[in-house]
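See structure below.
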Amino acid sequence: MSQRRAVIAGTGSALPRTRVSNEELARRVDTSDAWITERTGIKFRHIAEPDETTATLAAEACRKALEAADMDAGDIDLIVLATATPDNTFPASATKVQDLLGISGCAAFDVAAVCSGFLYALSVAESMIRAHSANKALVIGSETFSRILDWEDRGTCVLFGDGAGAVVLKAEEGTRGVLATRLHAAGRHGEMLYVDGGPSTTGTVGKLRMKGREVFRHAVVNLAEVMHETLAAAGVAAEDVDWVVPHQANARIIDATVRKLGLPPEKVVMTVDRHANTSAASVPLALDVAVRDGRIGRGDLIVLEAMGGGFTWGAAVVRF
Ligand code: UT7
């Protein structure tokens, strides 16, 4: 049925200049390439230099997404940026991105849902488009998690990386676009994955803390459930899916989740080996990789999913 939907008109991404291999990390941290590869699938991560921030990476990803969509920044009437590592406590990094893009006046705000942030941001932006509150939106996931890692904690510091991904959403009548999104949260699990500082508690930025094994267990269950739920809401079957673009936290979580859905591994976009876990940036970064290398094309049915601190989790079904 033809109706107003938010269509992904372009994708873009940006990575910090510096890439760090497991071997390089093992010279500074008590770990090994073998442990990281076997437990997570990660081989490399990009780490931001001082001049590279969440907002500058986001702006670079946006410029590429706008170019891919054949649009000017001036066409944009909404910017939603998902991040847990904003440049400043306030203003929202989305407003900084707006300024870096040389535009002014349109709505711009941040969404904080950690690793599921992009799914939350996409859901908010597509709802606003369907409600005629916006016509052309930039939806971004951008993070500099390297700034909140405890480099003495080998259980977490080897897992994360920095980067940004963005999509341009455009209102269109038709059958393409975001077909369904579903979002969830369970605040009682807050202490499983959190940052031990903040403006209203310690007055400091804090460092990331995680009970990895617990997060792993919840992730597989929650992600499989929310994918089922979102596919049903979109009225499509798992076997109709062309590509799954999952949150890139751990190759073992991704494998276990898609197995639960009965989907073959060939339909999964995997970038955790080269980006590590970039939190809110991971889904749009992986999406951009698969669009640019020609795997994902117009008309493909794709499923995006993520789970992270909060806990928060969500999924989206999109006719690309
Ligand atoms: O974005 C969403 C949030 N994050 C996630 O989704 C991450 C979810 N969790 C995971 O991916 C996995 O739980 C981890 C990769 C974090 C850990 O894998 P695991 O198989 O659950 O390992 P573990 O935490 O049970 O640790 C096993 C062993 C421990 O040694 P002992 O106690 O068995 O002797 C750790 O001390 O591995 C040790 N270890 C390490 N060894 C070398 C932990 N970190 C490292 C390390 N290098 N970096």
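Below, each value reflects all heavy atoms present in this structure, side chains not excepted, and no hydrogens, waters or symmetry copies. Counting starts at 1 for both ligands and their atoms, following the listed order. Computed from a prediction, not measured in an experiment: that's the story for all the values here.
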Report task. Identify the residue among D110, T144, N88 that makes a side-chain hydrogen bond (donor to acceptor under 3.5 Å, both in side chains) with T54. Result ->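 That would be T144; it is the only one of D110, T144, N88 passing the side-chain hydrogen bond (donor to acceptor under 3.5 Å, both in side chains) with T54.
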For [X], does the [atom1] atom sit with more than 12 other heavy atoms under 6.0 Å from it, leaving out its own atoms?
X    : atom1 : value
D51  : CG    : yes
E49  : CD    : yes
K170 : NZ    : no
R4   : CZ    : yes

Query - Side-chain donor-acceptor pair present, N22, R45, cut-off under 3.5 Å - result: yes
Requested in this report: Taking atom types as modelled, find out whether K43 and T37 have a side-chain donor-acceptor pair closer than 3.5 angstrom.
Outcome: yes
Requested in this report: Assess G155 for proximity to ligand 1: is some non-hydrogen atom of it under 4.0 Å away?
Outcome: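 Checking ligand 1 against G155, which is what was asked, there is a heavy-atom contact under 4.0 Å.
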Nearest-neighbour protein heavy atom for [atom], which is reported as residue plus atom name and distance:
atom                    : value
atom 36 (O) of ligand 1 : R154 NH2, 3.2 Å
atom 8 (C) of ligand 1  : G212 O, 3.5 Å
atom 18 (O) of ligand 1 : R252 NH1, 4.0 Å
atom 47 (N) of ligand 1 : T31 OG1, 2.7 Å
atom 19 (P) of ligand 1 : R39 NH1, 3.6 Å
atom 15 (C) of ligand 1 : T40 CG2, 3.6 Å
atom 5 (C) of ligand 1  : V215 CG1, 3.8 Å

Who gets closest to [atom] by heavy atom: [options]?
atom                    : options          : answer
atom 24 (O) of ligand 1 : R213, R217, M307 : R213
atom 6 (O) of ligand 1  : N250, L159, I253 : I253
atom 17 (C) of ligand 1 : F216, W35, F160  : W35

Does [X] approach ligand 1 within less than 4.0 angstrom via side chain, backbone, both or neither, non-hydrogen atoms only?
X    : result
L193 : side chain
M210 : side chain
I36  : neither

Report task. For T40 and I36, indicate whether the former's side chain and the latter's backbone hold a donor-acceptor pair under 3.5 Å. Result ->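 Looks like yes, one N/O pair under 3.5 Å.
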Query raised in the report: Do M307 and V114 sit in the same hydrophobic cluster, where Ile, Leu, Val, Met, Phe, Trp and Tyr count as joined when their side-chain heavy atoms come under 4.5 Å apart?
Result: yes
Query raised in the report: Is there a chain of hydrophobic side chains (I, L, V, M, F, W, Y, each step under 4.5 Å between heavy atoms) that links V80 to L169?
Result: yes
Query raised in the report: If we only count N/O pairs under 3.5 Å, is S32 in contact with ligand 1?
Result: no
Would you say [atom] makes contact with the protein, given that contact here means a non-hydrogen protein atom less than 4.0 Å away?
atom                    : value
atom 30 (O) of ligand 1 : no
atom 39 (N) of ligand 1 : yes
atom 34 (O) of ligand 1 : no

Report task. Compare all side-chain heavy atoms of V215 with those of F311 and state whether any distance is below 4.5 angstrom. Result ->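 V215 vs F311: side chains touch.
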**Report entry** For H247, atoms of ligand 1 separated by under 4.0 Å from a heavy atom
**Finding:** 1 (O), 2 (C)
